[in-house]
Amino acid sequence: MAQRVQGTEDLYGSYMRAWQRMQDVARDTFGAYGFDLIETPAIEQVATFVHGIGESTDVVRKEMFRVYSGALVDQLLARGSEDALKAKQRLALRPEGTAGVVRAAVQNNFVPQGGAPVKLWYAGPMFRGERPQKGRLRQFHQVGVEWLGASDPASDAECIIMLMRYFERLGFAPESLSLSINSMGDAACRPAYREKVRSFILDHAEEMCADCLERAELNPLRAFDCKNAHCREVMADAPLAPDNLCDDCAAHYAQVKRYLDEAGISYVEDPTLVRGLDYYTRTVFEVEVEGSGVGAIGGGGRYDGLMELEGGKPTPGLGFAVGFERIALALQGQGVELGGEEPECVYVACTPDQREAVFSAVLALREAGIRTEADYQGRSLKSQFKQADKFGARLCVVLGPDEVAAGVATLRDMSSHEQVQVPLGNLSSSVAERLN
Ligand code: HAM
């Protein structure tokens with residue numbers, strides 16, 4: 001039997017409805033803040049991710065699924081190296097949505113110099129070659145937003161407020177949501193801070209794991225996220241980002257917090273929150289659900305240098321993304337079924353000689369927008385009723401020879417088993433009346 005790829009899931013039934021609901025609530029919630037839907041390709045040039053996410057990040061170095069056409073694989077095998085490939089031949093499945101949206105904004109000039117900010121949201125599959133476990137997949141689904149052209153701290157605060165409202169509207173108990181924030185500085189103050197952390201790690205080299213020693217050179221701030229408990233203990237004394245901000249970044253961070261306070265959003269300042277993607281500047285944030293055991297359900301931040309890294313004019317930006325699979329798990333833990341009930345439907349049952357009458361009744365009901373099921377396997381009337389129950393039908397329309405001869409249909413309420421006869425001529429309106 002063919003097998004699903006490890007770390008991927010099939011979305012169907014209530015799970016699929018849950019994913020659709022996440023998108024519906026996103027459309028409503030983000031729409032009120034002026035965000036429009038964008039869809040960028042799931043496949044981009046590797047360069048888009050290397051420039052944006054950062055060459056030294058785990059996501060780019062270890063987790064990105066690279067994509068080659070069959071013909072190219074043959075060439076690569078023959079050559080034994082991909083060095084001669086052109087940039088447009090080096091492709092990858094997107095590990096996240098931000099780099100692609102920013103690439104699209106640069107390529108299509110969404111934010112002309114001096115133009116108004118652009119607000120975009122997206123929903124779709126992302127791909128990371130991580131070790132699959134609960135809430136960690138190789139193909140997962142994100143809903144995200146990107147706000148390009150806004151530098152005011154009010155936009156950071158509004159973004160966070162919108163994210164928290166989104167979680168509440170999905171059904172999370174507000175007190176279970178734990179929001180962490182931090183400021184990582186900018187091009188003016190981050191290089192010096194990075195250097196301080198690098199020196200700190202090297203000063204404690206004997207106590208740190210080999211990965212952290214590698215991080216010291218490549219990406220020292222990631223040492224704050226080391227899985228090794230001893231490294232984390234050592235890093236507890238490392239210099240912290242908020243203590244090393246330049247005046248502008250410190251003022252920006254203070255203003256973001258004032259706005260959050262004014263909006264009544266509770267948060268925890270986590271000076272070690274560094275996030276796994278290199279493009280962040282200034283504000284970063286993450287949300288976890290207490291007791292859910294699935295890690296962050298969403299995260300994001302500001303990335304004022306990203307448009308330039310993708311070849312555009314200097315343009316500030318910020319955004320966040322949330323993970324569908326983790327949200328579904330965390331909501332389940334709170335007894336909330338995001339997928340809800342199956343949609344209401346009507347079942348048209350008949351005796352075998354009335355199959356043609358069913359055909360027109362089903363057609364008329366569906367034309368009226370009523371979800372309608374019928375039998376296509378020549379089942380007995382009794383087993384059609386059973387099937388109607390399985391479909392969760394609220395009503396059954398029964399068409400026997402007597403009904404059809406008299407130009408009527410019997411409507412059977414599936415829970416009370418009450419039956420009434422209605423004229424076949426206005427079947428749709430009689431059914432619609434009873435469904436409402
Ligand atoms: P991220 O923190 O890497 O940020 O991912 C956002 C969310 O996607 C995570 O909080 C998590 O819920 C979910 N997620 C990430 N990896 C996996 C996985 N392997 N399996 C299941 N869920 C996962 C970003 O992707 C940024 N692009 C967010 C952003 C937008 N920043 C600015 N704009």
Side-chain angles (χ1 to χ4, degrees), residues 5-9 11 19 22 26 30 35 38 40 44 48-49 52-54 57-60 62-65 93-103 105 119-148 150 155-156 159-160 162-163 166-167 170 172 177-182 184 222 225 273-289 292-307 309-310 316-331:
V5 171
Q6 209 197 0
T8 67
E9 289 180 336
L11 268 56
W19 172 226
M22 264 191 61
F30 307 157
F35 283 77
I38 183 170
T40 60
E44 294 271 355
T48 300
F49 303 119
I53 299 170
T57 55
D58 281 355
V59 171
V60 165
K62 301 183 189 162
E63 296 166 5
M64 209 157 60
F65 282 108
L93 294 178
R94 60 180 180 197
E96 56 101 60
T98 310
V101 170
V102 169
R103 190 270 312 140
K119 299 177 189 174
L120 302 163
W121 76 274
Y122 52 88
M126 308 290 160
F127 307 85
R128 295 185 194 175
E130 299 194 79
R131 200 162 57 80
Q133 51 189 291
K134 184 180 167 198
R136 193 175 292 283
L137 291 124
R138 293 187 151 187
Q139 176 175 338
F140 58 99
H141 296 77
Q142 282 187 347
V143 166
V145 310
E146 311 300 345
W147 186 347
L148 307 173
S155 54
D156 305 50
C159 221
I160 294 173
M162 182 169 86
L163 173 65
Y166 179 56
F167 285 138
L170 288 176
F172 281 108
L177 297 170
S178 150
L179 165 69
S180 306
I181 61 168
N182 191 20
M184 300 187 59
R222 293 297 300 160
D225 274 349
L273 178 67
V274 290
R275 312 267 299 132
L277 313 160
D278 273 359
Y279 49 61
Y280 290 113
T281 53
R282 297 192 166 172
T283 318
V284 287
F285 48 92
E286 253 177 29
V287 179
E288 291 193 29
V289 181
S292 69
V294 295
I297 55 167
R302 177 168 281 288
Y303 45 77
D304 291 342
L306 184 53
M307 285 283 270
L309 290 173
E310 296 291 1
L318 71 163
F320 61 73
V322 305
F324 160 65
E325 291 79 3
R326 293 189 189 180
I327 287 174
L329 280 170
L331 276 174

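Keep in mind it's a predicted model, so treat the numbers as computed, not measured. Order of listing sets the numbers, starting from 1, for every ligand and every atom in it.
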Protein N/O near ligand 1 N/O, under 3.5 Å, which pairs?
| unit_1 | atom_1 | unit_2 | atom_2 | d |
| --- | --- | --- | --- | --- |
| ligand 1 | 2 (O) | Arg275 | NH1 | 2.8 |
| ligand 1 | 2 (O) | Arg275 | NH2 | 3.0 |
| ligand 1 | 3 (O) | Arg128 | NH1 | 3.1 |
| ligand 1 | 3 (O) | Arg128 | NH2 | 2.9 |
| ligand 1 | 4 (O) | Arg275 | NH2 | 3.0 |
| ligand 1 | 5 (O) | Gln142 | NE2 | 3.2 |
| ligand 1 | 8 (O) | Gln142 | NE2 | 3.1 |
| ligand 1 | 10 (O) | Ala296 | O | 3.3 |
| ligand 1 | 10 (O) | Gly298 | N | 3.2 |
| ligand 1 | 12 (O) | Ala296 | O | 2.9 |
| ligand 1 | 12 (O) | Ile297 | O | 3.3 |
| ligand 1 | 12 (O) | Gly323 | N | 3.3 |
| ligand 1 | 16 (N) | Arg128 | NH1 | 3.4 |
| ligand 1 | 19 (N) | Glu130 | OE2 | 2.6 |
| ligand 1 | 19 (N) | Leu137 | O | 2.9 |
| ligand 1 | 20 (N) | Leu137 | N | 2.9 |
| ligand 1 | 25 (O) | Arg128 | NH2 | 3.2 |
| ligand 1 | 25 (O) | Gln142 | NE2 | 3.1 |
| ligand 1 | 27 (N) | Glu96 | OE1 | 2.6 |
| ligand 1 | 27 (N) | Thr98 | OG1 | 2.8 |
| ligand 1 | 27 (N) | Tyr279 | OH | 3.0 |
| ligand 1 | 31 (N) | Tyr280 | OH | 2.6 |
| ligand 1 | 33 (N) | Thr98 | OG1 | 3.2 |
| ligand 1 | 33 (N) | Glu146 | OE1 | 2.8 |
| ligand 1 | 33 (N) | Glu146 | OE2 | 3.2 |
| ligand 1 | 33 (N) | Phe320 | N | 3.3 |

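- Pairs passing the salt bridge (charged side-chain N to carboxylate O under 4.0 Å, His left out) check and including a residue from residues 131-145, sequence neighbours excluded, read Glu130-Arg136.
- Each of Ile297, Val287, Leu177 was checked for a side chain to side chain contact (heavy atoms under 4.5 Å, CB included) with Leu163, and the lone residue meeting it is Val287.
- Taking the six-membered ring for Trp and the full ring otherwise, the centers of Phe320 and Phe30 sit less than 6.0 Å from each other.
- The list of salt bridge (charged side-chain N to carboxylate O under 4.0 Å, His left out) pairs with a residue in residues 293-302, not counting sequence neighbours, reads Asp156-Arg302, Arg302-Asp304.
- When the side-chain hydrogen bond (donor to acceptor under 3.5 Å, both in side chains) test is applied to Tyr122, the partners found at least two apart in sequence or on another chain are Glu146.
- Counting heavy atoms from C-beta on, the side chains of Tyr303 and Asp278 never come closer than 4.5 Å.
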